[in-house]
Chemist: 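Sharing a structure here in structure tokens format.
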Amino acid sequence: RKLLFDTHALVCLLEENGFTTEQSEVIVPALVKIMNNNLDVIYKDMVTKVQQEIALQQVMSHIGGVKKDMIILEKSEFSALRSENEKIKLELQQIKKQVMDEVTKVRADNKLNLNLEKSRAKELVSFGYHAQQDRALTQTDRKIDTGVADLKTMLESHKLDYIKYLAGSVCTCLTVALGFYRLWM
């Protein structure tokens with residue numbers, strides 16, 4: 001790629017502007033050489049259309065490979081998240097069953113204790129021990145209150161455990177969803 005122009009016309013132009021013929025003939029080849037060197041420097045930094053298309057195809061194939069990898073990762077992460085969610089659901093169901101069993105057991109124990117205390121109170125009344133009856137009733141009331149308070153405490157404890165597992169599951173799902181959202185944006 002060389003710059004082509006009429007050198008004779010440039011020599012004539014220089015002569016018209018006050019240069020001698022010898023000066024003009026020396027200046028013109030020097031200018032041509034400088035311009036060709038400048039063009040060589042400029043063309044070194046340029047790429048051809050073919051080179052540009054090859055580079056574009058390479059970039060596009062690399063992007064396609066990355067897309068495939070992301071889809072594979074997304075599917076594997078999503079299935080792992082789904083299986084983890086199922087495990088958490090099963091654990092929550094098991095804990096719920098255990099809590100219900102404990103509640104049933106505590107209720108049965110309290111009913112049994114209440115019936116025993118009632119029968120003792122009836123025996124005391126039948127024998128005429130009013131003072132003992134009052135003490136027995138007070139003890140029975142205390143035991144009932146203690147049993148009810150224990151039951152409420154246990155229920156609150158299990159309720160907090162449920163809330164912790166539920167909050168953890170929700171946070172995990174939201175974190176993964178936001179991660180996928182960020183990957184696609």
Chemist: So Lys68 and Ile71, side-chain contact (heavy atoms from CB on, under 4.5 Å) or not? Walk me through it.
Modeler: CA-CA 5 Å; Lys68 288 177 186 176; Ile71 290 171; 5.8 Å; no

Chemist: Flag yes if more than 12 heavy atoms outside Gln52 fall under 6.0 Å of its CD atom; otherwise flag no.
Modeler: no

Chemist: Is the shortest heavy-atom distance from the side chain of Leu10 to the side chain of Leu31 under 4.5 Å?
Modeler: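 A side-chain contact exists here, since the closest heavy-atom pair is under 4.5 Å.
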
Chemist: Would you compute the distance between atom CG of Leu166 and atom CD1 of Ile88 and round it to the nearest 0.5 angstrom?
Modeler: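 Result: 10.0 Å between the selected atoms.
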
Chemist: Test Glu86 against Lys89 for side-chain contact (heavy atoms from CB on, under 4.5 Å), laying out the working first.
Modeler: CA-CA 5 Å; Glu86 290 299 322; Lys89 282 182 183 179; 4.1 Å; yes

Chemist: Go through it in stages, so that I can follow the logic: the residues are Asp150 and Val106, the test is side-chain contact (heavy atoms from CB on, under 4.5 Å), and I'd like the CA-CA distance, side-chain angles, deciding distance and then a yes or no.
Modeler: CA-CA 9 Å; Asp150 289 342; Val106 169; over 6 Å; no

Chemist: Look up atom CG in Asn115 and atom CZ in Arg120, then write down how far apart they are to the nearest 0.5 Å.
Modeler: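 The CZ atom of Arg120 is 12.0 Å from CG of Asn115, to the nearest 0.5 Å.
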
Chemist: Side chain to side chain contact (heavy atoms under 4.5 Å, CB included) with His62: which residues, sequence neighbours excluded?
Modeler: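 Expected list: Val66.
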
Chemist: Any donor-acceptor pair under 3.5 Å linking the side chain of Thr140 with the backbone of Ala136?
Modeler: yes

Chemist: For the CE atom on Met35, are there more than 12 heavy atoms of other groups (residues, nucleotides or ligands in this structure) within a distance under 6.0 Å?
Modeler: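 For Met35, atom CE is not crowded (no more than 12 foreign heavy atoms under 6.0 Å).
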
Chemist: Assess whether side-chain contact (heavy atoms from CB on, under 4.5 Å) is satisfied between Lys164 and Asp161, documenting all intermediate values.
Modeler: CA-CA 5 Å; Lys164 287 178 191 175; Asp161 287 340; 4.2 Å; yes

Chemist: Hey, are the side chains of Lys87 and Glu84 touching, using non-hydrogen atoms and a 4.5 Å cut-off?
Modeler: no

Chemist: Should Leu151 and Met154 count as side-chain neighbours, where that means a heavy-atom distance under 4.5 Å?
Modeler: yes

Chemist: Atom CD1 of Ile163 and atom CD of Glu156: how far apart are they, to the nearest 0.5 Å?
Modeler: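 Rounded to the nearest 0.5 Å, the CD1-CD separation comes out at 8.0 Å.
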
Chemist: If every non-hydrogen atom of Leu92 is compared with every non-hydrogen atom of Tyr162, which pair is closest and at what distance?
Modeler: O-CE2, 3.7 Å

Chemist: Write down the atom of Val11, the atom of Glu25, and the distance for their closest heavy-atom approach.
Modeler: CG1-CG, 4.3 Å

Chemist: Taking everything shown except Tyr165 itself, do over 12 heavy atoms lie less than 6.0 Å from its OH?
Modeler: no

Chemist: Taking all atoms of both residues into account, what is the closest heavy-atom pair of Ser76 and Ser79, and its distance?
Modeler: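 Looking at all heavy atoms of both residues, the closest pair is O-OG, 2.9 Å.
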
Chemist: Would you kindly confirm whether Phe180 and Met70 end up in one hydrophobic cluster when ILVMFWY residues are joined by side chain heavy atoms under 4.5 Å apart?
Modeler: yes

Chemist: Are any of the side-chain heavy atoms of Thr146 and Lys143 separated by less than 4.5 Å?
Modeler: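 No, side chains not in contact.
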
Chemist: To the nearest 0.5 angstrom, please state how far the NZ atom of Lys96 sits from the NE2 atom of His158.
Modeler: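 Rounded to the nearest 0.5 Å, the NZ-NE2 separation comes to 14.0 Å.
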
Chemist: Heavy atoms, side chains only, cut-off 4.5 Å: are Asn110 and Val148 in contact?
Modeler: no

Chemist: Do Leu183 and Val176 sit in the same hydrophobic cluster, where Ile, Leu, Val, Met, Phe, Trp and Tyr count as joined when their side-chain heavy atoms come under 4.5 Å apart?
Modeler: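 Yes, one cluster joins them.
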
Chemist: Is Leu155 reachable from Ile95 through a run of I, L, V, M, F, W or Y residues, each pair having side-chain heavy atoms under 4.5 Å apart?
Modeler: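 Both belong to a single hydrophobic cluster.
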
Chemist: Answer yes or no: is there a side-chain heavy-atom contact under 4.5 Å between Glu22 and Val26?
Modeler: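 Not in contact.
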
Chemist: Out of curiosity, Gln51 CD to Glu53 CD, how far, rounded to the nearest 0.5 Å?
Modeler: 11.0 Å

Chemist: Would Met46 and Leu39 show up in the same hydrophobic cluster when neighbours are defined by side-chain heavy atoms closer than 4.5 Å?
Modeler: yes

Chemist: Just how far is it from atom CG of Leu13 to atom OG1 of Thr7, taken to the nearest 0.5 Å?
Modeler: 12.5 Å

